[in-house]
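Keep in mind that what you see is a predicted model, and the values were worked out from it rather than measured. Both counts, for ligands and for their atoms, begin at 1 and track the order of listing.
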Amino acid sequence: MSDITDPALAAGGHLRLEWAYRRMPVLQNLRERLITDKPLEGHTVAACLHVTAETANLMEVLRDGGAEVSLCASNPLSTQDDIAAALVERGIPVFARRGEDTDTYYEHLNAVLDTNPSVTMDDGADLVTLLHTSRLDITPLGSTEETTTGVIRLKAMAAEGELRIPVVAVNDSATKHLFDNKHGTGQSAIDGVLRATNILIAGRTVVVIGYGDCGQGVAQRADGLGARVIVVEVDPIRALSAAMDGFEVRTGDQAAEVGDLFITVTGDIHVLREQHFAAMKDGAILANAGHFDVELDLAHLREASVAQRRIREELEEFELPDGRRIIVISEGRLVNLSAAEGHPADVMDMSFANQAMAAEWIIDHHAELEPRVYRLPEHVDRDVASIKLASMGFDLDQLTSEQSEYLSSWRHGT
Ligand code: NAI
């Protein structure tokens, strides 16, 4: 059983899946072990992830490890219908249609939960939220979480004593957030903006709101394309690092007056709202790369505008009573996944190797786990980084025994 847009799209999906797989050497390496050891044998994995070529490769690797897998989308606009079709043709149930409405989105989440999974995989904690609301009938051994916003939600549940299963915060692995969030979002968010608008970034004022891992990547890439970059932050340490990385740091109100392109990456709500829209220049372009579509207060923009039209495939133009036009990309949903293809396989390689190892870790350790948020052991990060580095043709130096001894001793002084 599956629910996808069009099975006939499979041929293109197979090609994209294969193209992505070539650039996922860590996942390839892991697959060899999983095929032999079958550590997931007898287990069911229900995944709620963006339905992309990279995710499809993860699903196949999990299946090669012995798991029964099924997949639904973690965002209604990020599904690549050709990939969904290819996966179904490869025998993996998929419940995802690009552009699905909210009811269908939740029907699809429930469909993967109906497989009574031993492990759930989330990107934004939507499955886990259902497991704590309407699907108390299901208790997996544990869950994994891909993104910052999901981890924040899960830690809040744990702090309130509400979490009822152990969760591995894959996002907290260094080989996930330092690369996927920074380099993946940095490149693919700009890619989304370019595909949606085809504007020239050089010479524009780009306002990046939120200077976490994702925002740092976006600011760097915009800078590299010749933009004047302004960063808006609420955390003094992040703001200071933006300043010392060479960016202007301003308040949202100040930036609103001068920005040509605004990209929100905070994981927060209504980061751009009425007071900012009121100050923006005619033609200002807004995009969001944070997890949920709540960073731009679009309800207000809709209400305040006198006219609204779709000006390009992923662009909605809002005309305000004074004639200024504000342009929103992909309805304020993750710009890199809605207007482009998401992160390149090269970084998802590490994120998804961590995901597969997190599923295996839950299965191996569930007996001793408590209902709280865990990180994968540090050696997993080191292994993932070493394999990736070697695949890129780089070599790691080694400590001499004298250096190892020196670095682990407190007796050495001047
Ligand atoms: P982070 O926690 O490292 O950074 C977020 C930053 O936003 C923090 O420095 C915080 O101080 C700042 N912030 C919060 N509220 C703000 C406000 N009102 N104004 C200005 N700054 C504010 O988080 P990270 O990892 O950078 O992730 C950000 C968002 O992007 C999350 O929702 C995450 O789930 C999502 N994400 C999206 C990806 C994508 O593919 N587009 C990939 C990875 C993460």
Side-chain angles (χ1 to χ4, degrees), residues 49-52 54-55 74-75 77-78 122-126 145-156 169-193 207-221 230-243 245 247 249-256 259 262-273 275-276 287-297 329-330 332-345 347-348 350-352 354-355:
L49 300 169
H50 299 294
V51 181
T52 63
E54 295 76 24
T55 301
S74 58
N75 184 301
L77 265 192
S78 64
D122 250 333
D123 186 338
D126 281 345
E145 173 52 54
E146 170 78 4
T147 197
T148 317
T149 284
V151 173
I152 290 171
R153 291 173 87 184
L154 292 162
K155 286 183 178 164
V170 170
N171 188 70
D172 288 358
S173 292
T175 47
K176 198 281 182 182
H177 67 96
L178 294 181
F179 303 92
D180 169 315
N181 299 27
K182 184 171 179 182
H183 299 288
T185 312
Q187 179 170 309
S188 64
I190 298 290
D191 183 18
V193 169
V207 179
V208 178
I209 309 176
Y211 200 68
D213 291 310
C214 295
Q216 289 165 33
V218 173
Q220 270 186 10
R221 296 296 170 256
I230 297 178
V231 169
V232 177
E233 249 298 346
V234 291
D235 177 311
I237 297 168
R238 290 269 168 85
L240 182 62
S241 67
D245 287 342
F247 302 121
V249 179
R250 302 278 175 243
T251 65
D253 289 337
Q254 292 166 339
F262 296 79
I263 305 178
T264 54
V265 249
T266 65
D268 200 357
I269 190 166
H270 296 167
V271 172
L272 288 178
R273 51 190 181 273
Q275 71 202 61
H276 305 117
N288 167 49
H291 185 78
F292 285 117
D293 60 343
V294 297
E295 303 214 11
L296 314 175
D297 185 0
I329 305 180
S330 299
R333 295 196 184 271
L334 293 158
V335 64
N336 56 326
L337 282 140
S338 306
E341 292 172 69
H343 292 5
V347 280
M348 293 318 292
M350 292 189 282
S351 308
F352 283 167
N354 276 295
Q355 279 284 5

_Proximity of Val234 to ligand 1 by residue part, where a heavy atom lies under 4.0 Å_ = both
*Find all atoms of ligand 1 within a distance of less than 4.0 Å from any non-hydrogen atom belonging to Ala289, and give their numbers and elements.*
30 (O), 37 (C), 38 (C), 39 (C), 41 (N)
*Looking only at N/O atoms, are Asp213 and ligand 1 under 3.5 Å apart anywhere?*
yes
_Distance filter under 4.0 Å to Val232 heavy atoms, resulting ligand 1 atoms_ = 20 (C), 21 (N)
_Close N or O approach (Asn181, ligand 1; < 3.5 Å)_ = yes
*Options Val335, Asp268, Asp123, Thr266, ranked by nearest heavy atom to atom 7 (O) of ligand 1, top entry*: Thr266
*May I ask you to decide if Arg238's main-chain N or O and Asp235's side chain share a donor-acceptor pair within less than 3.5 Å?*
yes
*Any idea which part of Arg238 is under 4.0 Å from ligand 1, heavy-atom wise: side chain, backbone, both or neither?*
side chain
_Where ligand 1 meets Gly267 - atom numbers and elements under 4.0 angstrom, heavy-atom basis_ = 29 (C), 31 (C), 32 (O)
*Mark up the atoms of ligand 1 that fall under 4.0 Å of a heavy atom belonging to Asp235, in ascending order.*
11 (O)
_Atoms of ligand 1 close to Cys214 [distance to a heavy atom under 4.0 angstrom, numbered from 1]_ = 24 (P), 25 (O), 26 (O), 27 (O), 30 (O), 36 (N), 43 (C), 44 (C)
*asked:* Please confirm whether His177 approaches ligand 1 to less than 4.0 Å, judged on its heavy atoms.
replied: no
*Answer yes or no: is there a donor N or O on one side and an acceptor on the other, between the side chain of Ser173 and the main chain of Lys176, under 3.5 Å?*
no
*Could you find the nearest protein heavy atom to atom 30 (O) of ligand 1 and give me its residue, atom name and distance?*
Gly290 CA, 3.5 Å
*Which residue from Gly212, Ala340, Gly210 reaches closest to atom 4 (O) of ligand 1 through any of its heavy atoms?*
Gly212
*How far is atom 40 (O) of ligand 1 from its nearest protein heavy atom, and which residue and atom name does that atom have?*
Asn336 ND2, 2.8 Å
*Hey, which of Gln216, Arg221, His343, Gln220 is the one that makes side-chain hydrogen bond (donor to acceptor under 3.5 Å, both in side chains) with His183?*
Arg221
*Could you list which atoms of ligand 1 come closer than 4.0 Å to a heavy atom of Thr147?*
33 (C), 34 (O), 35 (C), 36 (N), 43 (C), 44 (C)
*Identify the residue among Asn181, Asp180, Thr147, Asp123 that makes a side-chain hydrogen bond (donor to acceptor under 3.5 Å, both in side chains) with Asn171.*
Asn181
_Nearest-0.5 Å distance that lies between atom CG in Leu77 and atom CG in Leu337_ = 10.0 Å
*Enumerate the atoms of ligand 1 whose separation from the nearest heavy atom of Thr185 is less than 4.0 angstrom.*
38 (C), 39 (C), 41 (N), 42 (C), 43 (C)
*atom 25 (O) of ligand 1: the protein heavy-atom neighbour that sits closest, reported with distance to 0.1 Å*: Thr148 OG1, 2.7 Å
_Spacing of CD belonging to Glu233 relative to CG belonging to Leu240, to within rounding of 0.5 Å_ = 11.0 Å
*With no hydrogens and no angle check, is any side-chain donor or acceptor of Ser188 less than 3.5 Å from a backbone partner on Gly184?*
yes
*Any idea which part of Thr149 is under 4.0 Å from ligand 1, heavy-atom wise: side chain, backbone, both or neither?*
both
*How close does the nearest protein non-hydrogen atom get to atom 35 (C) of ligand 1, and which residue and atom is it?*
His291 N, 3.6 Å
*Atom NE2 of His276 and atom CG of Leu296: how far apart are they, to the nearest 0.5 Å?*
11.5 Å
_Closest approach of any protein heavy atom to atom 28 (C) of ligand 1, naming residue and atom_ = Val265 O, 3.5 Å
*Mind checking the CG-CG spacing from Leu49 to Asn75? Nearest 0.5 Å is all I need.*
12.0 Å
*Look at the rings of His50 and His291 and say which category their plane angle falls in: under 30° parallel, 30 to 60° tilted, over 60° perpendicular.*
tilted
*Pick, from His50, Glu233, Lys182, the option with the minimum heavy-atom distance to atom 9 (O) of ligand 1.*
Glu233
_Under 4.0 Å to a heavy atom of Leu334 - the qualifying atoms of ligand 1, by number_ = 39 (C), 41 (N)
*Charged N to carboxylate O below 4.0 Å: is that the case for Arg153 and Asp126?*
yes
_If I take atom CG from residue Leu334 and atom CD1 from residue Ile329, how far apart are they, to the nearest 0.5 angstrom?_
12.5 Å
*Distance from Thr148 atom OG1 to His177 atom NE2, nearest 0.5 Å?*
8.5 Å
